[in-house]
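What follows is a single structure, written as structure tokens, with notes after it.
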Amino acid sequence: MKITLLIKNASQVVTSRGASKQPLNGSDQRALTVIEDGAVAVSGEKIVLVGSTAEVLDKIAVDADTEVLDASGKVVLPGLVDPHTHVVFGGSREHELALKLQGVPYLEILARGGGILSSVEATRAASKEELIANGINYCRQMLAQGTTTAEAKSGYGLSTAAEIKTLEAIKAVDRAQPVDLIPTFLGAHAVPKEYRDNPDGYLDLVINEMLPQVVEKNLARYCDVFCEEGIFSVEQSRQVLEAARDLGLGLKMHADEISPLGGAELAAELGAVSADHLLVISDQGIEKMAASKVIGVILPGTTFYLCEDHYAPARKMIETGVPVALATDFNPGSSPNNNLQLIINIACLYLRMTPAEVINAITINAAHAVGLSERVGSLEAGKLADLALFTAPNYEYLAYRYGTNLISTVIKKGKIVVEV
Ligand code: NIG
Ligand code: FE
């Protein structure tokens with residue numbers, strides 16, 4: 001087999017192993033293989049061998065065409081996977097910062113027609129080409145910070161045409177740059193203003209018009225709902241998710257973020273792949289998610305940015321057996337951050353997760369949360385050669401430093417796509 005790329009002499013190659021079938025939970029959440037003086041051999045788009053530099057050099061033949069990367073002083077991780085983003089939207093919301101600093105709550109800004117609804121206005125006004133250009137730009141920022149795969153939600157259109165426009169833009173962004181995007185339909189993100197007095201009418205539109213068209217056009221792999229006080233109730237969420245499931249989509253939820261409605265319990269009952277946010281998840285919700293192996297996607301950057309004083313109970317979730325993933329929740333309002341490296345810091349400091357737990361949460365468990373665990377999320381023979389190289393002596397260093405992009409090289413499908 002022809003080796004096209006060889007990465008050698010890495011201070012550490014760090015990855016989970018053998019977790020492509022089931023997400024890691026409990027004490028396995030921190031199960032990592034750390035190879036000192038590590039190497040990764042790549043053929044075309046795929047990994048063929050991972051081991052110590054001596055082992056790998058012993059087993060493979062390098063020829064004049066093999067690109068050889070000396071990774072001395074670098075930590076090699078699987079390309080990072082961001083399993084919850086809203087990366088395609090119009091406009092931005094920097095003007096809301098002043099309101100937030102005056103103490104106006106997040107849901108109050110929305111009730112005044114701002115928040116999500118102001119991004120809906122900007123997204124409806126934007127052409128598909130503008131959405132694509134912005135999306136490409138945001139994805140390139142993500143790539144430069146080590147993210148090689150991301151989930152991408154619609155949800156700032158909230159009309160059939162604008163939701164389809166957004167999902168088509170997501171598809172175009174996916175094709176136009178290296179970060180692979182997994183599309184999620186989030187028509188039930190908020191009730192748009194034209195349906196303010198008729199939320200059930202909007203639900204009917206989501207279920208009977210949007211969902212069938214999204215599925216018919218093959219524009220989404222998952223369906224998500226913002227289950228929250230004043231947004232969509234548990235019963236309304238159930239209606240949308242059951243309809244989506246019947247049409248063959250996987251399920252996700254924005255659950256138990258601000259009010260403890262019982263979204264986690266619903267996610268477990270419906271067999272959702274993940275429930276996300278979970279700041280105020282109940283003990284019963286934790287137990288049900290653990291029993292049904294629903295992945296808890298925690299978004300601590302959002303908690304940080306909303307200046308909340310309590311974070312999701314990550315320790316309790318891990319100790320009860322919920323597989324935990326982490327994401328940026330990149331969006332124009334509650335989390336204008338698309339850098340998973342910052343999430344490493346916040347998760348360690350405020351969720352009290354260990355660096356090893358965090359690495360698995362942004363690689364293999366995140367890959368499970370987007371249904372791609374057989375292809376990405378770990379460095380194992382046969383998987384895509386998606387790699388992130390950081391200037392660091394060891395992986396704990398990534399949790400220790402913050403605010404600096406430590407990426408030195410990003411490799412997507414065997415090709416160097418970022419070099420610092
Ligand atoms: O995941 N929680 C709901 N939706 C987004 C926020 C969207 C917005 O504020 O624009 C979230 O935090
Ligand atoms: Fe979100």
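Heavy atoms only: backbone and side chains are in, while hydrogens, waters and symmetry mates are out. As the structure lists them, so they are numbered: ligands from 1, and atoms in each ligand from 1.
Taking the six-membered ring where the residue is Trp, H86 and H189 present parallel rings, their angle staying beneath 30° rather than reaching 60°.
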Just list the side-chain donor-acceptor pairs under 3.5 Å for residues 375-386, sequence neighbours left out, or say none.
from: S378; atom 1: OG; to: E380; atom 2: OE1; distance (Å): 2.5
from: S378; atom 1: OG; to: K383; atom 2: NZ; distance (Å): 2.7
from: E380; atom 1: OE2; to: G18; atom 2: N; distance (Å): 2.9
from: K383; atom 1: NZ; to: S20; atom 2: OG; distance (Å): 3.1
from: K383; atom 1: NZ; to: S373; atom 2: O; distance (Å): 2.8
from: K383; atom 1: NZ; to: V376; atom 2: O; distance (Å): 2.9
from: D386; atom 1: OD1; to: K413; atom 2: N; distance (Å): 2.9
from: D386; atom 1: OD2; to: K412; atom 2: NZ; distance (Å): 2.6

Show which side-chain atoms of residues 286-314 pair as donor or acceptor with protein atoms under 3.5 Å away, not counting sequence neighbours.
from: S292; atom 1: OG; to: K288; atom 2: O; distance (Å): 2.9
from: K293; atom 1: NZ; to: A290; atom 2: O; distance (Å): 3.0
from: T302; atom 1: OG1; to: D329; atom 2: OD2; distance (Å): 2.9

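Side-chain contact between E228 and H277 is absent, with no heavy-atom pair separated by less than 4.5 Å. With a 4.5 Å cut-off on side-chain heavy atoms, T85 and N338 do not count as touching. The shortest side-chain heavy-atom distance between S282 and E265 falls under the 4.5 Å cut-off.
Between the side chains of E67 and T4, no donor-acceptor pair is found at a separation under 3.5 Å.
Around the Fe ion (ligand 2), the protein atoms of type N, O or S found under 2.8 Å away are H84 NE2, H86 NE2, H254 NE2, D329 OD1, listed by chain and number.
Ionic pairing of E319 and K316 is not present here: no N-O contact between side-chain nitrogen and carboxylate oxygen is shorter than 4.0 angstrom.
Distance check: D28 CG to S16 OG gives 10.5 Å after rounding to the nearest 0.5 Å.
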Could you list each nitrogen or oxygen of ligand 1 that sits under 3.5 Å from a protein nitrogen or oxygen, with the atom names and the distance?
from: ligand 1; atom 1: 1 (O); to: H86; atom 2: NE2; distance (Å): 3.4
from: ligand 1; atom 1: 1 (O); to: H254; atom 2: NE2; distance (Å): 2.9
from: ligand 1; atom 1: 1 (O); to: H277; atom 2: NE2; distance (Å): 3.0
from: ligand 1; atom 1: 1 (O); to: D329; atom 2: OD1; distance (Å): 2.9
from: ligand 1; atom 1: 1 (O); to: D329; atom 2: OD2; distance (Å): 2.9
from: ligand 1; atom 1: 2 (N); to: E257; atom 2: OE1; distance (Å): 3.2
from: ligand 1; atom 1: 4 (N); to: H189; atom 2: NE2; distance (Å): 2.8
from: ligand 1; atom 1: 9 (O); to: R93; atom 2: NH2; distance (Å): 2.9
from: ligand 1; atom 1: 9 (O); to: Y106; atom 2: OH; distance (Å): 2.5
from: ligand 1; atom 1: 10 (O); to: R93; atom 2: NH1; distance (Å): 2.9
from: ligand 1; atom 1: 10 (O); to: R93; atom 2: NH2; distance (Å): 3.3
from: ligand 1; atom 1: 10 (O); to: Y156; atom 2: OH; distance (Å): 2.6
from: ligand 1; atom 1: 12 (O); to: D329; atom 2: OD2; distance (Å): 2.8
from: ligand 1; atom 1: 12 (O); to: S334; atom 2: OG; distance (Å): 2.6

